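What you are looking at is a predicted structure, and each value in this text was computed from that prediction instead of being measured.
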Amino acid sequence: MRWLVGWSRAASGPATADGGGVQPVGAQLLWADPDPLWAVGDWRPDEVRVVQTDPFTRLAVFGCCGATDEELRVGLFAARGGALRHLSAWPGSYTAVAQVGRRVTVVGDLAGARPVFHTDWAGGTAYATAALPLADLVEAQLDVSHLAALLACPDSPEAVGDGTPYAGVRRVAPGHALILREGARDIVGYEPIASLAVAAPQRDPQEAVEGVRDALVDAVRARLTAPRHAPETGHLDPGPVPGMGPAERRAARGAPAPGVGADLSGGSASGTLALLAAGLPGVPGTVLGHGTGAGERLLVVTFNDLVVRGRTREAELERARSIAENPRLHHVVVAAGEEALPYASLGGGPLTDEPGPSLVHAERHRRRLAAGSADHFIGHGARQVLDAHPARLADLLLDRRRRHLLRPATALARADGPSAHSFFVPFTVYRAARRLARTPYKDGLEDAAHRLMERRFAGDAGPGATGVVSASLAALTWCRPGPAARWLTGEALAEVSVRLEAAAARPAALRRPGERRADAALARYAADQRVFEQAAEVRSQRLHAPFLDNQVVRACRALPEALRVQPGARAAVLRAVLAGAGIRDLPPGWGATSHAAHNAAVRAGLRTYASDLIDLFEAPLLADAGLVEARVVRKALRAAAEGERLPLDGLAELVATELWLRRLLARRGTCWTGTAAPRQRAVAGGVVPRPSL
């Protein structure tokens, strides 16, 4: 895990590295007192860049940033005058820290994939890009109330707030910056917010799609033009093995290939990135690749699930093979059986900074990523930034554009197949969107609080509404319970309900429901993406998700709502992006979704590892904390393994949180050293029982 950490203190604060005081273990000091900054972990030399104009005006950029040194200096001058948005406008994914005198500014990203955390410490404020080191620094206990909110309403910032699983450690919201002045902190937003009263001017659809194309091309180019890296050669190649080539032997050792590669799942997102990376002129794909005259071949990896078979999965593999016929692509197929199903190998794995549903899929993804490259493109986040959240239908009604609801409502009527209620689905969707458009934000939060207290989790779907229709109707609200809420105790739900009522009583910025819900869903996904990168980490490998870059998120937000809500909008936008880059020959069925194959794999994993999961909840820490009853969760796991229709995402969240708690309490050591270092690690007292309400 890689992170940066520093603090701002008053003039009378404690000594740090210069005085032999507390400092992080294995850190690289970038600048010293009075406001020190460290880079901790296996950062590459080109991932930590510092520009300086004088001893008290400097900028540090961590991660992959496509800006030149001169552009960084221009951004530093702009930040010195207060224009923080300039620090987030370069291609790539990074964290920027600017120091101007005693003012320190830490800029987070728009999606939340590179978060910033802070806490009170020694009369000042400590900050980091990981919450666990700050928890170690202040010897924080577990915040069980936050875990309850994370399980009950994971995509509702009103319930989760700015908290973390560690008491006293706070998170800076996406699109905001942390400003520190001699220990005092301030959090400011650097992104403009659209007015609720006046509709924003609609951008021309073709121009907006061209903006997405330019942002994606710049994001891919920023990775391809960065210095190339080869994995550490800690393990020797055992030599020829019958039935295994060099790529398979390397994957078995857990080492990625040198250079740049990409996922190729057959989906539109990964296929777009692979084709863009292979098609950009003058930027070869691999260090040791085979030349093709126009450049070197790009390594693309496809995962072949031998357990879950079906027409959808076969169609994905066929599309991946068709795309891989490009002469600039070198295709590797990774096949796996039951050992790569979800919920496999839960006993091992690293401790992540926070819990997340991706913990149950980590082993499945690690097998695919180990066959990839040192810098590996993944298409994660495309659905969250390109697809329209169902609540955006209410935004269209607020702008008096009713006719644009016809096509998405009709598509929903056909999504679950023909039925006796299909004819009424468009009217039901329209009524739900109109109700959301007319519901004040405060009333929406209070209604969600009441639903938690009354244990109403079925959503607002009417008779006959199932599957996609039911999920879409349930999403047409300001706030709704998450899939795991039905298995929480009444005490936990009551505490989350109190949080929602308190949020409803506070003044809030007026925003459209669709924009607010879409941003919350993106932030939730980006947080889990960060957990995924830590849980499935392969040594010497960097995962790149360009769809979560600042410039790509901005370009996608500029797409007109009328375009985003149309069926197949994501595939149409990405097809136009590829066409603008000169790539038009795509396989039949390109752009089809793969939810069915994912759900089938999850259900197969539940059936295969049901006994292990039930053993995990024989004496769960979640029950010790008062969040669940072990008997209820075990019953739900058995029912889901037998095929009963239950929210599988909710069960994954419960299992992941329990697994994370066990790894957290089993850890040894601390992130800090020095004579003044904390003597205890984070959550030293174990799981704290929840106080009665």
Side-chain angles (χ1 to χ4, degrees), residues 261-279 298-338 340-342 361 364-365 367-369 371-372 376-384 386-387 408 411-418 466-469 471-472 547 566-579 583-607 643 648-649:
D263 270 358
L264 185 60
S265 64
S268 57
S270 63
T272 298
L273 295 178
L275 291 173
L276 286 177
L298 185 84
L299 177 67
V300 292
V301 181
T302 299
F303 181 75
N304 184 12
D305 195 331
L306 301 180
V307 176
V308 179
R309 313 295 294 180
R311 290 166 48 183
T312 302
R313 187 60 186 154
E314 293 297 334
E316 283 188 350
L317 293 175
E318 186 58 34
R319 286 194 296 271
R321 294 189 190 99
S322 178
I323 295 174
E325 292 177 357
N326 187 317
R328 296 197 68 181
L329 298 178
H330 175 62
H331 195 202
V332 174
V333 178
V334 178
E338 292 185 353
L341 284 173
H361 306 279
R364 180 179 181 86
H365 294 293
R367 292 176 176 271
R368 180 189 82 250
L369 297 174
H376 197 75
F377 286 101
I378 54 178
H380 295 189
R383 181 167 64 89
Q384 283 69 27
L386 285 172
D387 287 6
L412 282 175
R414 297 193 299 261
D416 293 324
T466 59
V468 177
V469 177
S472 299
F547 286 102
Q566 302 308 316
R570 186 204 326 168
V573 170
L574 294 180
R575 189 184 296 271
V577 166
L578 291 176
I583 304 169
R584 295 179 175 84
D585 187 14
L586 298 174
W590 188 87
T593 59
S594 59
H595 298 300
H598 171 75
N599 292 336
V602 173
R603 198 167 290 278
L606 276 172
R607 288 195 304 267
L648 302 181
D649 292 346

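A distance of 10.5 Å separates CG of L264 from CD of E316, quoted to the nearest 0.5 Å. In this structure, the separation between CG on L273 and CZ on F547 is 4.5 Å, given to the nearest 0.5 Å. Atoms CD and CG, on Q566 and D387 in that order, are 12.5 Å from each other to the nearest 0.5 Å. Distance CG/L298 to CZ/F377: 7.5 Å, rounded to 0.5 Å. Atom OG of S268 sits about 11.5 Å away from atom CZ of R383, to the nearest 0.5 Å. The NE2 atom of H376 sits 7.5 Å away from atom CG of L299, with the distance rounded to the nearest 0.5 Å.
When side chains are defined from C-beta on, L341 does not count as touching R607, because their heavy atoms never get closer than 4.5 Å. A 4.5 Å side-chain heavy-atom check between V301 and L369 finds every atom pair outside the cut-off.
Of all heavy-atom pairs spanning V307 and E338, the tightest one is CG2-N, 3.5 Å. For the pair V308 and A601, the tightest heavy-atom approach, listed with the atom from each and the gap, is CG2-CA, 3.5 Å. Nearest heavy atoms, L648 versus R603: CD1-NH2, 3.6 Å. Closest of all the heavy-atom pairs between T302 and A320 is OG1-CB, 3.7 Å. Across every non-hydrogen atom of G379 and A269, the tightest pair is O-CB, 3.5 Å. Scanning both residues, A579 and R584, for their nearest heavy atoms gives O-NH2, 3.3 Å.
A side-chain donor-acceptor contact under 3.5 Å links R328 to the backbone of A278. Side-chain atoms of S270 come within 3.5 Å of backbone N or O of S265 as a donor-acceptor pair.
Partner of T272 under the side-chain contact (heavy atoms from CB on, under 4.5 Å) criterion, chosen from L574, V573, I583, L586: L574.
Ring geometry for H380 against H365 counts as perpendicular: the plane angle is over 60°, on a 0 to 90° scale with 30° as the lower cut.
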